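Below is one structure, written out as structure tokens; comments come after it.
Counting starts at 1 for both ligands and their atoms, in listed order. The structure presented is a predicted model; accordingly, all values stated were derived computationally and were not measured. Along the sequence shown, the residues carry numbers beginning at 1.
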Amino acid sequence: MGEESCGQTENTEVSAMRFQHVLALETSCDDTSAAIVRADGFVVGCISANQDLQHRPFGGVVPEIASRNHTLQILPLIEELFARTKFSAAQIDGMAVTSRPGLIGSLLVGVVTAKTLALIYGRPFVGVNHLEGHLLAPFLRDEKYTPPEGFTYPYLALAVSGGHTTLYHVKGLGAYEVLGRTVDDAAGEALDKFAKVVGLGFPGGARVDEAAKQGNAKAFQLPRTMRNEDSLDFSFSGLKAAAVRLVESIPPEQLMQKTADLCASYQEAVVDSLMYKLDLAQKNISNIKRIVVTGGVSANSRLRAVAAEWAQARSLQLVLPPLRYCTDNAAMIGFAGIQRLNRGESADQRLAPSSASYDEDFTASRFALHSARGKT
Ligand code: KG4
Ligand code: ZN
């Protein structure tokens, strides 16, 4: 069981809304998560159960194991959420569930659970794009965290996790322009694969981060790909291949002694590649003064430090949501969902999970920089 927070404060704007509280479910990959979220983004409670131990022996997420675990965990998690928050089903005005994109078997567990509970509770529900959740995470608040003063739309968001590495221009609720994305591996995936090659295990991103603290980032030369100014896309497969060749060239008996330097050099190349495109996007999109970095890789201590320094030097407002809202969680799905419910949207029992986003979820996917200049 993971993060949890409970509590309520008076909010007159919220009490005027039809949907004041939603129950939200997230099961798109290997985290099972349930949350109760208020219309202003206040997280009444959020409980998550990760499955790292179950997937670790296989060195990656096994879809069948993920969906089976969601099935086992989801109802006890919801019961625990109600118990901890002292909320009852009668206080829930609607439901939100991640319906896309993700592992289809995993998504199915959340969607079927939401549809069933919606029938039992007699409440409306809505399907939410998982990435919209990540993009709106910076607005979440709880008893320990409030977003920085003045934070609002529009902003530039770098969503960087095990499954995604995408730059968005977030203009408002439902108005998300994809500026660039990885053309191959996600940054988290590249970190995880590297961790496996150097023998750090799964999931390896946090272990690379830890090992890198003792290493020299200049010890090994690794490539920075996509250093072109006419695209905001990323690529990590060249870096990964170069790192694998490098590791293979090191005699096994020397590997342990060089792990910290290898991790520091590799991590630096990933952070450099992310920051290069973030900087390019910020420079080329006028009036963007607010920046969000979100997703599991935003936990990386080097990325956080470099991004903070970069933002400060340019007088930009940088928002790094707390880690509990950066990694996969149901609270972000609840906040996206409750706003959609309050503007009149809802799904019906025909809602089916989709492994891909819908076309209408984002505009201009694979957005080229030269066209971004003309449009913004
Ligand atoms: O957002 P997330 O929890 O799940 C996905 O949607 O993928 O992100 C998981 C990713 C994994 O690749 C993991 O290795 C990486 O985030 N990660 C990190 C760190 N903590 C987690 N990567 C680098 N440094 C970290 N401290
Ligand atoms: Zn995610």
### Query
Protein N/O/S atoms under 2.8 Å from the Zn ion (ligand 2): how many?
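Total protein N/O/S atoms under 2.8 Å from the Zn ion (ligand 2): 3.
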
Just which atoms of ligand 1 are under 4.0 Å from any heavy atom in [X]?
X: Asn300; answer: 23 (C), 24 (N), 25 (C), 26 (N)
X: Gly163; answer: 7 (O)
X: Thr327; answer: 1 (O), 3 (O)
X: Gly188; answer: 12 (O)
X: Leu191; answer: 22 (N), 23 (C)

Checking a contact table here: which protein heavy atom is nearest [atom], and how many Å away?
atom: atom 21 (C) of ligand 1; answer: Gly296 O, 3.5 Å
atom: atom 15 (C) of ligand 1; answer: Val297 CG2, 3.9 Å
atom: atom 4 (O) of ligand 1; answer: Asp328 OD2, 3.6 Å
atom: atom 19 (C) of ligand 1; answer: Ala206 N, 3.6 Å
atom: atom 22 (N) of ligand 1; answer: Gly205 CA, 3.4 Å
atom: atom 10 (C) of ligand 1; answer: Gly162 N, 3.5 Å

Carboxylate-amine/guanidinium contact [X] [Y], below 4.0 Å:
X: Asp361; Y: Arg100; value: yes
X: Asp184; Y: Lys240; value: no
X: Arg314; Y: Asp279; value: yes

### Query
Between Phe139 and Phe151, is a ring-ring contact (aromatic ring centres under 6.0 Å, His included) present by the stated rule, with each step listed?
CA-CA 8 Å; Phe139 291 111; Phe151 176 72; 5.0 Å; yes

Closest heavy-atom contact between [X] and [Y]?
X: Leu200; Y: Ala211; value: CD1-CB, 4.5 Å
X: Gln282; Y: Ile288; value: NE2-O, 3.2 Å
X: Leu77; Y: Ala49; value: CD1-CB, 4.2 Å

Is it true that [X] and [Y] have ring centroids separated by less than 6.0 Å?
X: His55; Y: Phe202; result: no
X: Tyr325; Y: Tyr145; result: no
X: Tyr266; Y: Phe194; result: yes

### Query
Does Arg224 count as lying over the ring of Tyr276, i.e. NZ or CZ under 6.0 Å from the six-ring centre, within 45 degrees of the axis?
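Output no; distance or angle outside limits.
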
Polar contact flag for [X] and ligand 1 (N/O pairs, less than 3.5 Å):
X: Asp209; result: yes
X: His164; result: no
X: Asp192; result: yes
X: His130; result: no

### Task
Going by the side chain to side chain donor-acceptor pair (under 3.5 Å) test, name the single residue among Gln214, Lys213, Arg207 that passes it with Glu210.
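Answer to the side chain to side chain donor-acceptor pair (under 3.5 Å) test with Glu210 among Gln214, Lys213, Arg207: Lys213.
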
### Task
Please assess Phe82 against Phe87 for the test ring-ring contact (aromatic ring centres under 6.0 Å, His included), listing each intermediate value before the final yes or no.
CA-CA 5 Å; Phe82 279 131; Phe87 256 61; 7.7 Å; no

### Query
Is the closest heavy atom of Cys29 to ligand 1 under 4.0 Å?
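So Cys29 does not count as touching ligand 1.
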
### Query
Is a donor on one side and an acceptor on the other found under 3.5 Å between the side chain of Asp93 and the backbone of His21?
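The answer is yes, because a donor-acceptor pair under 3.5 Å joins these two groups.
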
